[in-house]
Peer 1: 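This is the structure I have questions about; it appears just below.
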Amino acid sequence: MDENNGNKRGQWSGRIGFILAATGSAIGLGNIWKFPYITGEYGGGSFVLVYLMCVVLVGLPLMIAELIIGRRAQCNPVGAFQKLHKKGSAWQLVGWLGVASGFVILSYYSIVAGWALAYIYKAIVGFSGTAEAIQGQFIELVVSPFDSIMWHTIFMILCIGIVIGGIQKGIERWSKILMPALFAILLGLMFYGLFATNGGAAALNFLFKPDFSKLTAEGILSALGHAFFTLSLGMGAMITYGSYMKKERNLLRSAITVSFLDTLIALMAGVAIFSLVFHYGMEPGQSVGLIFKTLPVLFAETGPWISVPFFILLSFAALTSGISLLEVVVSYFIDHRGWSRKVTTIVLGGFIYLFGLLSAVAAWTVPFRGKDQSFFDIFDFISTNYMLPIGGFLTCLYIAWVMKDKDRSEEFGSNGPLYKALKFVLRYVTPIALIAVILHGLELLPFMEY
Ligand code: PHE
């Protein structure tokens, strides 16, 4: 049952291998595409502060929880709950929910990742013409089924190609190449923003100076939901990656490192992007179009030296997240069905690809929550508002209230004050925060207007 279906499961080669792969999963479109635009929408500094609190109070504890479950069980999410609890117990449904979430999320994630790839090409050709014409290119891409499907196909082939290689020779090897490259590019773009434009100071101000009058309940709930998505939690990705970890690694240190790097990259991306936005006197609250509509207009001025690396960065980030989504699904079928990694990856990657076609065609809409919506929007909504928070909530209940204290503390590596603090947070803080997110998704929070 290892990478090549022998009798040993795959394992990371060492600490760096795990850190880069897990950080690769965490750092994705969420950091570079979504974080900057929601920060813009919800008013900057105060949102960032709340987001940081959510990472520490909700994200980090849950990441530790998932790693504990994965490493203890040495199994994919479904198998992990079966092994730790009882075979046939209802807890395995949490694992199933994770596998289903991986399937659904990758199917539409691949569409946005495809846009990132398409924009590498567009950036090389160069952005020119009026602002309307440049922004119009994005709409053309989204509404053209041919283009969307072509880039979706390329992205899925890349994911499948890497996951076929297995843990060390596929995921780890590529993370070791892509993550340092991503960091180097982002560092360059951030310095460019800070020192070569006139927007650096304004960007820092916007991101780090809280203005609490701008903070809304909606903003707080988005920060919470995002902390969750960006750390790849609630769907077993960290259970799966944790299951390939060696016993002697310290879980707390690993989880802190991954959460810290994920947050650092999101903030660096924010600085790079908002420096440009302010330099050209644009408004920060550009919503979803920030990366694909607003930035290209600015890139017409800066030229390809900035725009090409930017979209390469975005694509690398998407790719290392895409492979983790695929790995969750694939690992179940390898562990349980005994299928070979090659066949499993191709077959399941193929199914996800086909399912993704629904999201690739923007013109296909169905009624959902009172209006006609594209499959892309529906899957995005269902997975981020229901599937991940519910998966995270149940994982939290399991580890905090059901798992044996001995199993939990042994895996954590101590039962001292830090362990007690973690247990307290997982029992009383994280689940309550997640219930708020779930109720908000259902439009049932009493103090909100829907
Ligand atoms: N964390 C990724 C991002 O920020 C998305 C993701 C979610 C990846 C869940 C894997 C699992 O883009």
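Both backbone and side-chain heavy atoms feed into the values below; hydrogens, waters and symmetry mates do not. Counting convention: from 1, in listed order, for ligands and their atoms alike.
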Peer 1: Between Trp91 and Phe81, how do the two ring planes meet: parallel, tilted or perpendicular, split at 30° and 60°?
Peer 2: parallel
Peer 1: Looking only at distances, please establish whether an N/O atom of ligand 1 is found under 3.5 Å from an N/O atom of Leu325.
Peer 2: no
Peer 1: Ignoring hydrogens and angles, state whether a donor on the side chain of Arg337 or Tyr332 is under 3.5 Å from an acceptor on the partner side chain.
Peer 2: yes
Peer 1: Of the backbone atoms (N, CA, C, O) and the side-chain heavy atoms from C-beta on, which set of Phe229 has a member under 4.0 Å from an atom of ligand 1: side chain, backbone, both, or neither?
Peer 2: both
Peer 1: With a cut-off of 4.0 Å, which atoms of ligand 1 are near a heavy atom of Ser321?
Peer 2: 2 (C)
Peer 1: Does the N or O separation between Ala26 and ligand 1 drop below 3.5 Å for any pair?
Peer 2: yes
Peer 1: If you measure every N/O of Ser324 against every N/O of ligand 1, is any gap under 3.5 Å?
Peer 2: no
Peer 1: If you count the atoms of ligand 1 from 1 in the order shown, which ones are under 4.0 Å from a heavy atom of Ser25?
Peer 2: 1 (N), 2 (C), 8 (C), 10 (C)
Peer 1: Just jot down the ligand 1 atoms closer than 4.0 angstrom to any heavy atom of Thr230, in number order.
Peer 2: 1 (N), 4 (O)
Peer 1: Polar contacts were defined as any N/O atom of the residue lying under 3.5 Å from an N/O atom of the ligand; does this apply to Gly30 and ligand 1?
Peer 2: yes
Peer 1: Quick one: does ligand 1 sit under 4.0 Å from the side chain of Lys34, the backbone, both or neither, non-hydrogen atoms only?
Peer 2: neither
Peer 1: When the ring centroid of Tyr241 is compared with that of Phe18, is the distance short of 6.0 Å?
Peer 2: no
Peer 1: Could you check which of Gly98, Ser232, Ser101 puts a non-hydrogen atom nearest to atom 6 (C) of ligand 1?
Peer 2: Ser232
Peer 1: What about the rings of Phe155 and Tyr109, do their centers lie closer together than 6.0 Å?
Peer 2: no
Peer 1: Does the separation of the ring centres of Phe103 and Trp96 fall below 6.0 angstrom?
Peer 2: no
Peer 1: Should Ile105 be listed as contacting ligand 1, given a heavy-atom distance under 4.0 Å as the test?
Peer 2: no
Peer 1: Less than 4.5 Å apart, any side-chain heavy atom of His226 and any of Phe35?
Peer 2: yes
Peer 1: Using salt bridge (charged side-chain N to carboxylate O under 4.0 Å, His left out), reason through Glu41 and Lys214 one step at a time and then give a plain yes or no.
Peer 2: CA-CA 10 Å; Glu41 260 182 342; Lys214 289 194 184 143; over 6 Å; no
Peer 1: Taking 4.0 angstrom as the limit and counting only heavy atoms of Tyr109, give me the atoms of ligand 1 inside it, by number and element.
Peer 2: 2 (C), 3 (C), 5 (C), 12 (O)
Peer 1: For ligand 1, which is the ligand I care about here, please tell me if Ala237 has any N or O atom under 3.5 Å from one of the ligand's N or O atoms.
Peer 2: no
Peer 1: Taking Glu140 first and then Lys122, would you say they form a salt bridge - that is, a charged N and a carboxylate O separated by under 4.0 Å?
Peer 2: no
Peer 1: Could you check whether Tyr108 and Phe376 have their ring centres less than 6.0 Å apart?
Peer 2: yes
